[in-house]
Peer 1: 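Before I ask anything, let me first share the structure, which is written out below as structure tokens.
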Amino acid sequence: MLLLLVVAFPGLFASRGPLDADPLRVFLAPGHGGLLGTDQLGRDVWSRVVYGARYSVLIAVSATALGVLAGVLLGLVAGLGGRITDEVTARGLDVVAAFPAILLAIVLVTIVGPGIPTVIVALAIASVPRYARIVRAETHVVRRSAYVEQSVTFGLRRTTLVARHVLPHAVVSVPILATIGLGTSILAASSLSFIGLGPKPPSPEWGAMLADGRNYLQNAWWISVFPGVAIVLVVVSVSVVGRWLQRRFEHREHA
Amino acid sequence: MSVATVRGLRITFPGPDGPVTAVQGLDLDVERGTCVAIVGESGSGKTVTARALAGLLPRTATWSADTFELAGRDVRGADERAWRRLRGRTIGFVLQDALVSLDPLRTLGAEVGETLRTHRLARGRRAVADRVHALLGSVGVPEPEVRARQYPHQLSGGLRQRGLIASGLAGDPDLLVADEPTTALDVTVQAQILDLLALEKQRGATILLISHDLAVVSRIADRVLVMRAGEVVEQGATDDVLRRPQHEYTRELLRAVPSASSKGLRLVDRTPLVRPEPDRADVVLAAEHLRKTYRVHGRGGASELVAADDVSLEIARGETLGIVGESGSGKTTVARIVLGLVEPDAGTVTPGGEPWTGVPEARRRHLRRDVQLIAQDPLGSFDPRYTVGRIVAESLDAVGVRGEERRRRVAEVLDQVRLGASFADRHPRTLSGGQRQRVSIARALAPHPRLLVADEPVSALDVSVQAGILDLLGELQAETGTSVLFISHDLGVVHHVADRVLVMTGGRVVEQGDVDDVFHRPQHEYTQALLAALPALAA
Amino acid sequence: MTSATLTTAPAGDAAAAAREAAPTVPGARGRAWAPTLAAVGRRLVGAVVVLWASVTVAFVALQLAPGSSIDALVPPTQRTPEAVAAVTAEWGLDRPVVQQYVDYLVRLLHGDLGTSYQLHRPVTDVIVSELGPTLQLAAAGLAVALVLAVLLAVSTAGRPWASRIANGIELTIVSVPEFWLGIVLLFVFSFSLGWFPVAGANGIASLVLPATALGLGLVGLVSQVLREGVERSLEQPYALSVRARGVSETALRVRHSLRHASLPVVTLLGWLVGGLLGGVIIVEQVFGRPGIGVVALQAAQGRDLPVVLGVALLSALVYVVVNTVVDLLALVIDPRLRTGAGHDRRARDHGRAAVVGHGRPPGRGPAAGARSPPPDAALGRAARVRGARAAPAGRRVPRAVRLARAA
């Protein structure tokens with residue numbers, strides 16, 4: 001919740017702009033200049049962390065949404081299609097899964113150049129197999145379940161059957177996975193910026209800030225440490241929400 | 001001398017509303033060289049009692065007893081280390097269904113040898129192996145050297161169970177606790193395992209047998225304790241308890257067991273239940289020369305498995321046709337062909353004279369309302385998101401009954417299965433096993449089918465619940481005149497419900513005819529073997 | 001769970017059916033290898049297919065890259081007519097696409113990945129020369145992850161409080177980005193305490209921090225899967241049998257449960273290696289280590305596509321090899337996977353039919369309601385959730401494995 005607020009109205013939380021440099025106030029320790037100190041250009045670390053949330057969340061949400069969309073569609077095609085469709089799709093997913101997200105991003109950057117859209121597409125592609133495989137597996141399970149079979153004996157049409165029994169069960173776990181996947185995407189996005197494949201400096205992206213601050217580790221640890229803390233906090237809270245959803249879901253299934 | 005002496009055993013589990021008592025004041029004596037049985041239905045506390053004897057209660061359980069002696073030792077307050085010394089040496093433990101009770105990743109030899117190694121009863125690889133082979137041989141495992149090197153999944157159910165018993169006996173325990181040792185087995189295999197336990201008793205073993213099946217118990221037990229809801233309601237010599245039951249619950253249990261003598265009677269109270277004679281002129285469904293094979297990969301590559309071979313059957317209006325057979329006999333394959341879920345390789349099925357096999361689904365869809373399924377596992381056959389009302393309504397949906405009319409029919413059939421319309425909003429997960437099966441019956445009944453296919457409809461139920469369901473099926477058949485294809489592994493159940501019976505083994509029908517004729521005067525040797533293996537109540 | 005329970009039954013029961021159909025005879029041991037070999041063969045074929053498809057994707061990526069292939073292959077700064085001509089000749093760009101594709105395949109088979117434009121060296125040479133430090137780091141990271149995970153999982157499994165605490169630690173670790181962890185480690189142990197060198201790849205000392213940063217990221221995942229595996233195994237009826245033999249709790253865990261729990265972990269290894277590859281690139285960056293990651297990043301910044309594709313194909317190769325090894329390892333651990341029955345698709349699809357006929361009469365004891373599916377199927381499935389190739393894995397997939405997949 002708080003995260004959403006921060007993303008929507010960063011101005012509420014940070015008094016100074018993320019790019020406002022002040023050459024007189026460089027390398028101030030936390031407490032002495034701003035809540036979390038200032039960096040090498042005198043920019044306020046707290047403001048930058050707050051504004052950085054925008055980038056991370058934007059990238060992660062878009063990538064997850066794209067990945068889920070493509071994944072669910074592919075999973076359903078594989079799960080409901082014939083044996084050949086299924087096998088071809090499954091192999092295709094294996095191929096995509098063979099490349100780690102970071103490598104995919106590197107390939108894409110090489111071909112089309114760095115930038116936020118590249119990062120989003122790379123993360124989305126990398127996450128497709130994850131969603132597609134689960135949807136496919138669930139579809140198979142439901143397709144062969146006793147209650148679908150029972151519905152066949154009623155003389156229900158195939159389309160009715162799929163719409164009524166198969167689809168709802170096949171996609172039910174997707175929101176949960178997407179939530180957990182969101183955390184992963186945030187991590188991966190910041191990793192990509194860290195190695196210089198994401199938004200260009202001086203954008204206050206967390207990963208980029210870390211890469212920046214690394215050079216001043218010895219005398220100004222706070223520039224690198226606080227963006228990292230932000231990442232960990234966000235990812236942990238997203239994961240906790242995801243797990244809570246999952247536990248609730250499993251509980252309902254078993255009750 | 002008493003091997004186990006227990007007085008006032010009390011076991012409780014924490015529940016949402018305070019502790020739940022699983023066993024209440026149980027007294028037990030097991031004399032050396034005898035077999036004592038505890039019988040009861042699910043939730044009676046019999047398994048918990050067995051576990052307590054091996055100190056293997058779940059972590060959450062708490063127990064107390066006035067006396068608790070094993071082989072003369074007071075084990076109240078024994079710690080884990082002390083219990084470990086007792087387990088395997090003083091108490092041997094055999095669980096049901098050896099497929100899951102033996103570690104699937106280890107060989108049979110390793111499992112049996114574990115007791116020996118743990119208690120240092122044999123030293124050295126060679127000595128352990130020799131002892132294991134001797135043990136396996138003594139429990140009737142042929143070629144023990146070969147079997148010891150095999151994994152549980154490579155062995156048949158009977159051999160697995162023998163192996164498990166061998167592992168229980170490996171430490172030469174004072175008391176062997178056998179918890180439902182024959183439950184998951186076919187009738188003929190069950191008979192062999194019971195013979196083995198009887199043999200071990202002759203050799204001097206002391207056995208505590210836990211079972212839900214009075215007939216099994218009557219075969220080897222000297223004394224019987226009948227448990228219900230954590231309490232022993234009756235105990236005594238086996239003969240006395242089974243022939244002259246004192247307690248009403250014991251009588252009820254004995255009454256509920258279906259058999260030849262219960263035919264034409266309600267199981268619950270043994271009052272007459274009259275069904276009209278089947279109308280032989282009106283054939284509801286005929287199947288001719290059905291054949292179905294599956295390709296199976298096993299040792300030595302692919303092979304053909306003949307699931308059904310030249311099976312023909314005919315069901316008349318109002319008739320109950322039983323199919324009995326053991327695992328792999330092909331009885332369910334036949335049911336699935338009849339239901340139109342599996343296309344036979346050869347042969348025809350004609351419900352009401354219309355073609356059913358070899359035609360596109362669209363052409364036979366309108367016939368489906370006439371043939372409805374009652375599955376063994378009702379919960380699995382319900383969409384987990386649905387309420388009872390929606391579940392029942394779905395079979396009406398397909399035949400175009402909608403709106404108010406559908407609602408009325410749902411209420412009507414729920415009344416018919418003695419649940420009542422108020423169940424429509426309930427969730428199947430909140431129902432008991434018997435209630436679920438009633439919902440399943442209501443759903444099958446809703447579109448006024450001409451034939452109900454009931455595949456092992458009562459085999460997952462306790463005997464008293466089973467009695468209620470069988471009575472219900474009989475009554476509904478009398479009311480509606482529908483026919484039933486009743487598939488079961490339980491000869492007693494089939495004898496009770498069926499007019500005619502098919503006996504299947506290896507995909508073939510070996511004998512068929514009037515149920516009394518077949519069961520009283522079996523012609524085929526397989527039928528004779530089945531009946532001989534059946535543990536009959538000494539009634 | 002019911003749906004899954006029912007649907008996992010087929011393969012297991014088909015196996016049961018096969019067993020009944022062909023009763024075990026003495027001397028069957030020799031022949032038992034035939035289906036095992038078949039299973040191995042199937043996996044190898046699958047591996048080759050994936051590899052071939054990866055190559056094809058790489059080729060298509062080249063074709064689909066915005067602009068002409070020349071644009072993608074030759075950075076604008078170096079676009080002299082000679083360079084263009086050289087590239088055209090090297091990649092056969094004047095020939096038809098199909099011909100280019102075949103040539104590409106042939107060259108790959110000879111280990112020729114093209115020439116780097118920045119370094120003016122064959123890509124294969126570049127990669128081989130930088131492979132050493134990367135392999136060291138990856139192996140060390142994996143070792144750190146596995147050792148810590150086994151310790152954490154076995155000691156906490158089935159102990160409610162310890163379990164909960166470990167769970168929290170794991171969740172936090174999983175959420176920490178490797179690069180940040182690396183920076184913190186650097187700050188504490190190199191800058192502040194001065195225990196380890198800040199950068200480079202000289203000897204063991206320089207490997208400790210990078211391997212820890214890399215390994216810690218994976219510990220959470222592995223130990224979670226492992227612990228759930230051990231816990232599930234401890235609840236199985238066979239665990240009760242083992243306890244009833246008087247076996248101690250530790251022996252039960254080590255001798256029985258760990259082996260069962262290692263199945264999903266072995267399966268997870270396939271994913272781990274993917275994570276490891278990604279992690280290596282980042283950790284190399286943080287600690288200034290030489291290696292493949294540095295090569296790849298520099299190539300990306302210089303838009304040196306042959307090098308980038310070379311690294312990508314290398315990672316695909318590693319992934320495929322590791323997963324094939326993992327599949328074979330699973331066969332070693334679980335004897336039940338060695339019979340072909342579970343893999344036969346037809347038996348799986350139609351199995352239910354054969355099944356129900358071959359199903360055991362169900363138990364009526366206390367366990368009747370919760371009758372577990374034949375572990376044949378259940379565990380076999382769980383073990384092969386990788387790639388979700390085993391269709392009905394679905395809800396039987398342990399929670400942790402699912403989480404793992406999501407991470």
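Throughout, a chain's letter reflects where its sequence line sits, starting with A, and its residues are numbered from 1. The basis for the numbers below is simple: all heavy atoms, side chains too, and nothing from hydrogens, waters or symmetry mates. Just so we're clear, the structure is a prediction, and the values are computed from it rather than from any experiment.
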Peer 1: Quick one: of C:G279, C:G278, C:G293, who has the most non-hydrogen atom pairs under 4.5 Å with chain A?
Peer 2: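 Looking at each option in turn, the highest pair count goes to C:G278.
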Peer 1: I need the A:L192 CG to C:F179 CZ distance, nearest 0.5 Å.
Peer 2: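 The distance works out to 9.5 Å.
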Peer 1: Assess the residue pair C:V308 and A:L103 against the criterion (side chain to side chain contact (heavy atoms under 4.5 Å, CB included)); give the C-alpha distance rounded to whole Å, side-chain angles, the decisive distance to 0.1 Å, and a yes or no.
Peer 2: CA-CA 9 Å; C:V308 169; A:L103 213 53; over 6 Å; no
Peer 1: Might you point out which heavy atoms bring A:I106 and C:A296 nearest each other, and give the distance in Å?
Peer 2: CG2-O, 3.9 Å
Peer 1: To check you understand the geometry: which heavy-atom pair defines the closest contact between C:A312 and A:V107, and what is its length?
Peer 2: CB-CG2, 4.1 Å
Peer 1: Going from OG on C:S315 to CG on A:L104, what distance comes out if it is rounded to the nearest 0.5 angstrom?
Peer 2: 8.5 Å
Peer 1: With a 4.5 angstrom heavy-atom cut-off, could you sort out which part of C:V311 is near chain A: side chain, backbone, both or neither?
Peer 2: both
Peer 1: Looking only at heavy atoms, which two atoms of A:S191 and C:I282 are closest? And how far apart?
Peer 2: CB-CD1, 3.2 Å
